[in-house]
Amino acid sequence: MVQPGSIVGGLLGFLGKLGASVYFLGEILRQSGIGIARPRLVVEQIHNAGVLSLVIIMTSGLFVGMVLGLQGVDALSRLRQEDILGASVALVLLKELGPVVTALLFAGRAGTALASEIGLMRATDQLSAMEVMAIDPVRRIVAPRFLGGAISLPLLTGVFNVVGILGAWFIGVYVLGVDNGAFWSQMQEYVDPEDIWEGIFKSAAFGVAASLIAVFEGYNAVPTAEGVGLATTRTVVTTSIVILMLDYVITAALL
Amino acid sequence: MDNLIEIKNLHFKRADRPIFAGLDLDIPRGKVTAIMGPSGTGKTTLLRMITGQLRAGQGSVRIADGDGMTDIGTLDRDAIYRLRRRMGMLFQNSALLTDLDVFENVAFPLREITDLPDRLIRPIVLMKLEAVGLRGAAGLMPSELSGGMGRRVAMARALVMDPELLLYDEPFSGLDPISLGVILRLIRETNDVLGLTSIVVSHDVEEIARLADYCYVIAEGRAIAHGPPAELARSESDLVRQFMAGAADGPVPFHYPAGDFARDLAGD
């Protein structure tokens, strides 16, 4: 049986961690001036978190889009509404699947890389050495990585959406014979700017959350091989849960 | 005596385990001072208090600043960062930045803290690397260096901002005899030639006897003995004698505290 004490303890631990990460976010934002003073550092991290994630994001986007095309035509043909395939796929991708799936993939690809990199720097005293050299590791190491991640995720989401829509178009129009004109015109008709903004807002929030969790876990990793491994695992688990919870909260607030 | 650092009545606890309980210790300016003691006596913790990474629970760690002494524990973050520019530290595992080559590792503090142009950074870095005998290794990555070479690069990096105080955390551990000789010579020469003050934390008695001008032995949270190494070797204290002679048993017991052995074996 679950002890009530352990539930309270777990809850307190969670709240403690939430508080610590919000405090850490404040610290990072205070040191984020480095993004303006030395934009190169952030650009490097956009490359690491963003450009290097492109392959996995595009491949996943393509297949998600293609399966949406298949399922969409199958479901809509029962209602004799294949013409709205373009609109329905675009809405699903822009509002939900795009931001959420990209964020989950981002946690697996870029979040783990961030957490283990920073965790290893902690374990090998590199962060300590910087402190002693009078160089603030939050400013020099953490802030550029956080900014790079937070900027990358919305951009990756855009790429995911575009590739996804093209995948659905390829299957729907090219393979299954949905009318090409209807595919695009219905999309134009039913997708409003607010839908696009909703997706951008979500992916921006997910970018901040996913990057914060990754750098927080890495920075606070126990400085052992096991500790770094644990930090990496926790990054993926925590990010996944937080993304899905945030998704519900944001959707409920916006609708 | 002219002291660079004075530590008075220092208390520090980690998770209820007392590390220091009334430690008094002075670091004389211009000398190589060794801090020795069995593993786990908080030697590294002491270095972290001198660099302001940890704060004392009670007592003071003061450093000479202009005409007076400043208590490191009372400084705010900016003041501690300013203070650290006067220090260099050599970590036990070198702590080189693994994604930068040797040259860039040594140049790192200059690039981060100063606005010096490349044409000035280059000769400074090459001079420091030449001093530790590794100018030829400037293009290597840290993963391509041996332990001794890594430590010499870390030393060049610690010297690159021309500090007045150099801290060494276990500089001799895990080195072959040749690398050991090189490091011993480098510590002595940089201290004397550049007029630095050096603190060497170590438990390698022989090396310390060859190197240090003055020596503290820490155990049970206090400095149990201090003096020039030759004097310590003649100490009356059983604990100091055990430590200096490297005896397995003595006041520091060989056995970790445990219950009765026969009863333990019998499974009671």
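In what follows, chains carry the letters A, B, and so on, assigned in the order in which the sequence lines appear, proteins first and then strands, with residues in each chain numbered from 1.
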Give a yes or no answer on whether the side chain of A:Ser211 reaches the backbone of A:Val208 with a donor-acceptor pair at less than 3.5 Å.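 No; judged by distance alone, with no hydrogens or angles, the pair does not exist.
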Look only at the side chain of B:Thr51 and the backbone of B:Arg48, and say whether a donor-acceptor pair between them is shorter than 3.5 Å.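 Yes; judged by distance alone, with no hydrogens or angles, the pair exists.
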Rounded at 0.5 Å granularity, tell me how far CD1 in A:Ile200 sits from NZ in A:Lys202.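 Separation between the atoms: 13.0 Å.
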Quick check for you: among [options], which has the greatest number of heavy-atom pairs under 4.5 Å with chain A?
{"options": "B:Ile80, B:Leu90, B:Ile113", "value": "B:Ile113"}
{"options": "B:Arg85, B:Arg157, B:Met161", "value": "B:Arg157"}
{"options": "B:Ala154, B:Gly88, B:Ala95, B:Pro163", "value": "B:Ala95"}

Under 4.5 Å heavy-atom distance to chain A, tell me which part of B:Ser94 shows up: side chain, backbone, both or neither.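 It is neither, since no heavy atom gets under 4.5 Å.
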Engaged part of B:Leu96 at the chain A interface, taking heavy atoms whose separation is under 4.5 Å: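 Just its backbone gets close to chain A.
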Could you check whether A:Arg140 pairs with A:Glu131 (Lys NZ or Arg NE/NH1/NH2 to Asp/Glu carboxylate O, under 4.0 Å)?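 Answer for the salt bridge query: no.
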As a quick check of understanding, evaluate salt bridge (charged side-chain N to carboxylate O under 4.0 Å, His left out) for B:Asp162 and B:Lys128, giving each step before the final call. CA-CA 10 Å; B:Asp162 294 323; B:Lys128 303 294 176 186; 2.8 Å; yes
